[in-house]
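Here's the structure we're looking at; comments come further down.
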Amino acid sequence: MRLEHVNLVVSNLEKALHFYQAAFPHWHIRSEGHGEWYGKARHWLHLGDDYNYIAFSDHGEGSNRKLEGHQIGLGHFAFEVNNLDALITRLVAAGYPVDKGSDANPHRRNAYFIDPDGFEVEFVQYRSDLPDERNNDD
C-alpha cells in the first residue's frame, strides 16, 4: 500500500506551483482542467511524476488553520527525499526559508517549510535502511 496523492485546495495555483516545482524540479503537470465544485468554478491540476502527485484546485477561500493552534485540520504532510541539502538549497533560493528542522537523530534528519497557502510540509532524509533505526524516537 502507498499514498497515491494529496489534494490541496489553494488560493493561487501559480504560487503553489512555484513552491512545489522548486522542491521537485522533475515533477510536471500530469493533467489539468476546469470544472465546478459545489457551485464554484475551479481550475484543477495534478503535479507530479509517474509515481506521486499532488492534486491542486484554485477555489480556496479564507486562511489555512493556524499551525500553532489546536484547530482540527491538517497538521503537516511529509515527503522522503534522497538529498535534503539539495532540496533546502532549491527552496531557499526560490524564497522559502526553512521553518524548523532537526539533525539530532542519527538515523534521519528533516526540514519543514511553509508553502504559500500555509501548509506545513516536512522533508525527511533517512540515514538508515533498517526500520528499527529509521522509526526510533531517539
Side-chain angles (χ1 to χ4, degrees):
M1 177 173 61
R2 69 178 180 88
L3 180 65
E4 182 191 25
H5 72 274
V6 172
N7 185 317
L8 300 179
V9 177
V10 300
S11 61
N12 185 300
L13 280 176
E14 291 76 26
K15 288 181 180 180
L17 290 174
H18 185 259
F19 177 85
Y20 290 97
Q21 287 179 314
F24 303 112
H26 68 287
W27 279 15
H28 62 278
I29 296 173
R30 296 173 23 156
S31 60
E32 69 180 305
H34 292 82
E36 188 177 288
W37 187 257
Y38 290 96
K40 185 171 182 184
R42 69 175 177 152
H43 177 192
W44 62 268
L45 62 82
H46 295 170
L47 177 73
D49 59 20
D50 291 338
Y51 305 99
N52 301 290
Y53 71 96
I54 300 176
F56 293 98
S57 293
D58 71 351
H59 64 288
E61 298 176 356
S63 299
N64 210 331
R65 69 179 284 276
K66 294 183 185 289
L67 295 174
E68 66 277 6
H70 305 282
Q71 301 87 355
I72 292 173
L74 181 66
H76 73 267
F77 55 97
F79 292 96
E80 180 181 352
V81 298
N82 294 325
N83 187 335
L84 185 62
D85 290 329
L87 180 130
I88 290 170
T89 298
R90 287 192 307 273
L91 283 172
V92 169
Y96 304 101
V98 174
D99 183 58
K100 61 187 173 198
S102 177
D103 199 14
N105 189 299
H107 306 295
R108 69 178 174 272
R109 57 192 286 251
N110 62 9
Y112 292 81
F113 290 83
I114 307 301
D115 85 357
D117 282 285
F119 291 106
E120 184 176 62
V121 186
E122 177 186 6
F123 299 95
V124 61
Q125 179 180 351
Y126 290 103
R127 298 172 172 159
S128 172
D129 291 330
L130 302 175
D132 286 346
E133 292 179 348
R134 290 167 61 114
N135 302 327
N136 74 27
D137 290 324
D138 293 340

Run the side chain to side chain contact (heavy atoms under 4.5 Å, CB included) test against [X] and tell me which residues pass, sequence neighbours left out.
{"X": "His26", "value": "Phe24, Asp49"}
{"X": "Ala55", "value": "His5, Asn7, His46, Tyr53"}
{"X": "Asn12", "value": "Glu14, Lys15"}
{"X": "Gln71", "value": "Arg65, Lys66"}

Please say yes or no: joined through hydrophobic side-chain contacts below 4.5 Å, possibly via intermediate residues, are [X] and [Y] part of one cluster?
{"X": "Val121", "Y": "Leu3", "result": "yes"}
{"X": "Leu91", "Y": "Val98", "result": "yes"}
{"X": "Val9", "Y": "Trp44", "result": "no"}
{"X": "Val6", "Y": "Phe119", "result": "yes"}

Checklist entry - Donor-acceptor pair, Ser57 side chain versus His59 backbone, under 3.5 Å? => result no

Item to check | Sidechain-backbone polar pair: Asp117 side chain, Val10 backbone, donor-acceptor under 3.5 Å | outcome: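 Answer holds: no.
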
Minimum-distance pair of heavy atoms, taken over all atoms of [X] and [Y]:
{"X": "Gln21", "Y": "Trp27", "result": "NE2-O, 4.2 Å"}
{"X": "Ala22", "Y": "Ala94", "result": "CB-CB, 3.8 Å"}
{"X": "Ala23", "Y": "Leu87", "result": "O-CD1, 3.6 Å"}

Distance check, rounded to the nearest 0.5 Å: [X] atom [atom1] versus [Y] atom [atom2]?
{"X": "Asp99", "Y": "His76", "atom1": "CG", "atom2": "NE2", "answer": "11.5 Å"}
{"X": "His107", "Y": "Tyr126", "atom1": "NE2", "atom2": "OH", "answer": "12.5 Å"}
{"X": "Ile29", "Y": "Leu17", "atom1": "CD1", "atom2": "CG", "answer": "5.5 Å"}
{"X": "Phe56", "Y": "Leu47", "atom1": "CZ", "atom2": "CG", "answer": "5.5 Å"}
{"X": "Arg108", "Y": "Asn135", "atom1": "CZ", "atom2": "CG", "answer": "7.0 Å"}

Return the set of residues passing side-chain hydrogen bond (donor to acceptor under 3.5 Å, both in side chains) with [X] (not counting sequence neighbours), or none when no residue passes.
{"X": "Arg90", "value": "none"}
{"X": "Tyr20", "value": "Asp115"}
{"X": "Asp58", "value": "none"}

Next on the checklist: Can you classify the ring geometry of Phe123 versus Phe19 as parallel (below 30°), tilted (30 to 60°) or perpendicular (above 60°)?
Outcome noted: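 Tilted, since the angle between the ring planes falls between 30° and 60°.
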
Next on the checklist: For residues 19-33, which residue pairs pass the salt bridge (Lys or Arg N to Asp or Glu O under 4.0 Å) check, not counting sequence neighbours?
Outcome noted: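 Applying salt bridge (Lys or Arg N to Asp or Glu O under 4.0 Å) to every pair that reaches into residues 19-33, excluding sequence neighbours, yields nothing.
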
Checklist entry - Is there any salt bridge (Lys or Arg N to Asp or Glu O under 4.0 Å) pair reaching into residues 18-28, and which pairs are they, with sequence neighbours excluded? => result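 Listed by first then second residue: nothing to list.
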
Checklist entry - Looking at side-chain heavy atoms only, is the closest gap between Leu45 and Leu13 below 4.5 Å? => result yes

Checklist entry - Hydrophobic clusters join Ile, Leu, Val, Met, Phe, Trp and Tyr when side-chain heavy atoms are under 4.5 Å apart, directly or via other members; which others share one with Leu67? => result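 Hydrophobic cluster check, Leu67: joined to Ile114.
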
Side-chain atoms of residues 77-84: list all donor-acceptor pairs with protein atoms under 3.5 Å, sequence neighbours left out, distances to 0.1 Å.
unit_1: Glu80; atom_1: OE1; unit_2: Arg134; atom_2: NH2; d: 3.4
unit_1: Glu80; atom_1: OE2; unit_2: Arg134; atom_2: NH2; d: 3.4
unit_1: Asn83; atom_1: OD1; unit_2: Asp85; atom_2: N; d: 3.3
unit_1: Asn83; atom_1: OD1; unit_2: Ala86; atom_2: N; d: 2.9

Next on the checklist: Suppose we screen for salt bridge (charged side-chain N to carboxylate O under 4.0 Å, His left out). Which residues come up paired with Glu61, at least two apart in sequence or across chains?
Outcome noted: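 Listed in chain order: Lys40.
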
